[in-house]
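Values reported hereafter were calculated over all heavy atoms of this structure, with side chains retained and with hydrogens, waters and symmetry mates removed. Just so it is clear, the structure is predicted and the values come from calculations on it, not from any experiment.
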Amino acid sequence: MWSAGFPGLGSEPVWQLGKGTVTNASARIKELIDPSVSVVIQHSAEVDRGNSGGPLLVSSKKDAGYEVVGVNTWKAAYRQNTNFAVPASAVAAFIKNSRKKSAETEEKDVRDCAEQFVSALNKSDADFTSIVKLISVEMALDAGSQDFIDAMKFAPSSDRNHIASEFGQFPVEGLRCACAYQLWQKCRPKENEEALAIVSAERKSGGYAVSVASNDSKKAIELMWTKENSSWKISSASSEEEKKAKEKKKSSSRNRSGLSAFEVPSFLDISGGALICFPGSDLGFHANIDLWNASYVGIGLLFEHFPFDDKSMNLGGVGLIGRIPYNISEIMNIGLVGRAGFDIGRYDSWGILGYFAEAGLEFLYTGSYVKPGLGVSFKYSKQNEWLSFDDDKEVNESFKIVKVYAKIAF
C-alpha cells in the first residue's frame, strides 16, 4: 500500500510515494466520520503536508499499475505512522447519492438529524456527549472559545474534566464538546416541562432552520443545520430573544456607522447659556426647553435677557424646531438645529412683539440616558412695539444674537 502526493522538501513541493501497511481496514472513529456513513482505513504509509487529500494506492491486479482505494484525510497527532483514509467506495457512494438527492430527500435527512438531537435531549439517562457528533466545526470555531470559557467556569467538575481532556488531545473536538454542553443546557427540557419536539423546518440560504421546543413552552430554539463532510451538522443555535437582541445590536451598529447614521438622540432638551446681542455687543443670558414630538421636529420655548440702550430687554418665545442629527461615533452626536417663531416681551415701559429665526450646531454625548452637550447658534430677531405707556417713544428694532450654551437631553 502506498500514499502519493507532493509534500514540501525545502521550499519546493516534491513528488513522494510512501509505502506502508493497512493496520485496520475498518476503523470506526465517530470523531472522524459517522460509522453509520462509513468506516475509515487506518494505515502506516507516510502522510505529510502536501499529500494529505491525495490517493491511497494498492497494486492493481487487473493491469500493471495502481488502484485507488481511499483518500488520505487525517493523521494522528500523538502517534507515529497512524494515518486514516476515507474508502474510495464511500467517496463514490457520496458523489452518486449527492447527484440523486432531491430537495425532499435533503429535508428528510435534516429532520432525521434533528430527531436524533431531540431524542438525545429527551432521554433521562443521556448527557451532552450524545450530541457532540451533531455539532459542526463551523460552530466550534465560531462559538467554541466563549462556550469553552463558560464551561470551565460553571460546568460540573465531571463535565469540565471531559471537555478539558478532549481539548488537550484534539482542540477542535474540545471546542465541539463545549458547544454541545452549552447547547444541552439551553435546549434540554426543564424538570416540569414536556418533552422536546420539532416545531418547524424551513429551507434557508446555506442550510435549514429547525425550531425545537417543549410542547408547553413558548420559547423555541432555532437550530441552523448546514452540510459538513456529507452529514448535516448544527452550525448555530439561538432563541427568539437572542435573535431580536442580535438584530437590535446589528441595527444599532448600522445606525452608528457610515453616512446613514442618523437617529433621534432625545425627546426633551433643557439648555442655557450666554448670549451677545448686536447692535451694542451687550452680554446677556438665555434658556430653552425643547420638546421633540416627532422624528426631527418639535416645539420649543425660550427666554432671553440682555441690556439694550441702558435698559433691560426680556423676551419669551415659542416656535417650531427642527434638527438633523448625525452619529460621528458610538457615543457622540452632532446635529444641525433650526428654530423659527414669535416672541413677546417687555422693554422698559413698552410691550413688544416680534418674530425670529435661528440656526445652530450642537454636540451631544449619547453614551447614557442623560446626555450632556454643548451648542452655538445665531439668531435674527425683529421686534415691534405693540403696547406703550409713553406716546412719545416707540420700539422698532432688529437684533442679531450669538448664543453659546450647555444642554442636557433625555
Side-chain angles (χ1 to χ4, degrees), residues 255-256 261-348 350-384 395 397-410:
N255 287 340
R256 292 183 178 277
F262 294 93
E263 72 169 25
V264 179
S266 62
F267 64 90
L268 176 65
D269 296 355
I270 301 174
S271 60
L275 63 81
I276 300 177
C277 179
F278 301 93
S281 301
D282 297 313
L283 183 66
F285 63 87
H286 72 99
N288 289 69
I289 298 177
D290 298 332
L291 179 63
W292 303 93
N293 60 352
S295 297
Y296 302 109
V297 297
I299 297 176
L301 302 176
L302 63 87
F303 172 78
E304 297 171 351
H305 170 87
F306 55 89
F308 179 67
D309 285 346
D310 299 324
K311 296 181 177 61
S312 295
M313 179 79 76
N314 295 292
L315 296 174
V318 61
L320 291 175
I321 51 178
R323 64 181 170 190
I324 303 176
Y326 181 78
N327 292 310
I328 57 178
S329 73
E330 291 188 358
I331 59 172
M332 184 62 66
N333 179 280
I334 185 173
L336 296 174
V337 179
R339 63 186 75 230
F342 298 93
D343 46 22
I344 187 171
R346 182 177 178 83
Y347 172 66
D348 195 20
W350 297 278
I352 54 178
L353 177 67
Y355 58 88
F356 67 89
E358 183 176 348
L361 186 66
E362 294 181 347
F363 293 88
L364 194 66
Y365 173 79
T366 59
S368 62
Y369 177 76
V370 179
K371 308 173 182 68
L374 297 172
V376 61
S377 66
F378 175 79
K379 175 184 175 183
Y380 174 82
S381 177
K382 178 69 174 178
Q383 305 296 333
N384 294 283
V395 176
E397 291 288 345
S398 297
F399 298 100
K400 298 176 179 65
I401 300 173
V402 176
K403 299 180 180 180
V404 178
Y405 56 90
K407 67 182 295 182
I408 298 178
F410 303 90

Approximate separation, where rounding is to 0.5 Å, of Asp343 CG and Met313 CE: 9.5 Å

Nearest heavy-atom neighbours spanning Lys371 and Leu364: O-CD1, 3.5 Å

Val318 and Ile299: CA distance, side-chain angles, deciding distance, side-chain contact (heavy atoms from CB on, under 4.5 Å) verdict: CA-CA 7 Å; Val318 61; Ile299 297 176; 4.1 Å; yes

Pairwise side-chain contact, Leu361 with Leu336, heavy-atom cut-off 4.5 Å (strictly under): yes

Trace of the side-chain contact (heavy atoms from CB on, under 4.5 Å) decision for Asn333 with Tyr365: CA-CA 6 Å; Asn333 179 280; Tyr365 173 79; over 6 Å; no

His286/Leu315 under side-chain contact (heavy atoms from CB on, under 4.5 Å): CA gap, chis, key distance, verdict: CA-CA 9 Å; His286 72 99; Leu315 296 174; over 6 Å; no

For Lys379 against Ser381, the heavy-atom pair lying closest together: CE-CB, 4.0 Å

More than 12 heavy atoms of other groups within 6.0 Å of Ile408 CD1: no

Ring pair (Phe, Tyr, Trp, His ring centres under 6.0 Å) partners of Phe356, counting only residues at least two apart: none

Pairwise side-chain contact, Glu358 with Phe378, heavy-atom cut-off 4.5 Å (strictly under): no

Candidate pair Phe306 and Asn314, rule side-chain contact (heavy atoms from CB on, under 4.5 Å), full reasoning: CA-CA 7 Å; Phe306 55 89; Asn314 295 292; over 6 Å; no

Heavy-atom pair of closest approach, residues Val370 and Phe410: CG2-CE2, 3.9 Å

For the student: nearest non-hydrogen atoms of Gly300 and Ile321, plus distance: N-CD1, 4.0 Å

Cationic N near anionic O, under 4.0 Å, Asp290 to Arg339: yes

Distance-only check: which donor-acceptor pairs under 3.5 Å involve side-chain atoms of residues 267-280, not counting sequence neighbours?
| from | atom 1 | to | atom 2 | distance (Å) |
| --- | --- | --- | --- | --- |
| Asp269 | OD1 | Ser266 | OG | 2.7 |
| Asp269 | OD2 | Trp292 | NE1 | 3.1 |
| Asp269 | OD2 | Lys407 | NZ | 2.7 |

Electrostatic pair Glu304:Lys403 at N-O distance under 4.0 angstrom: yes

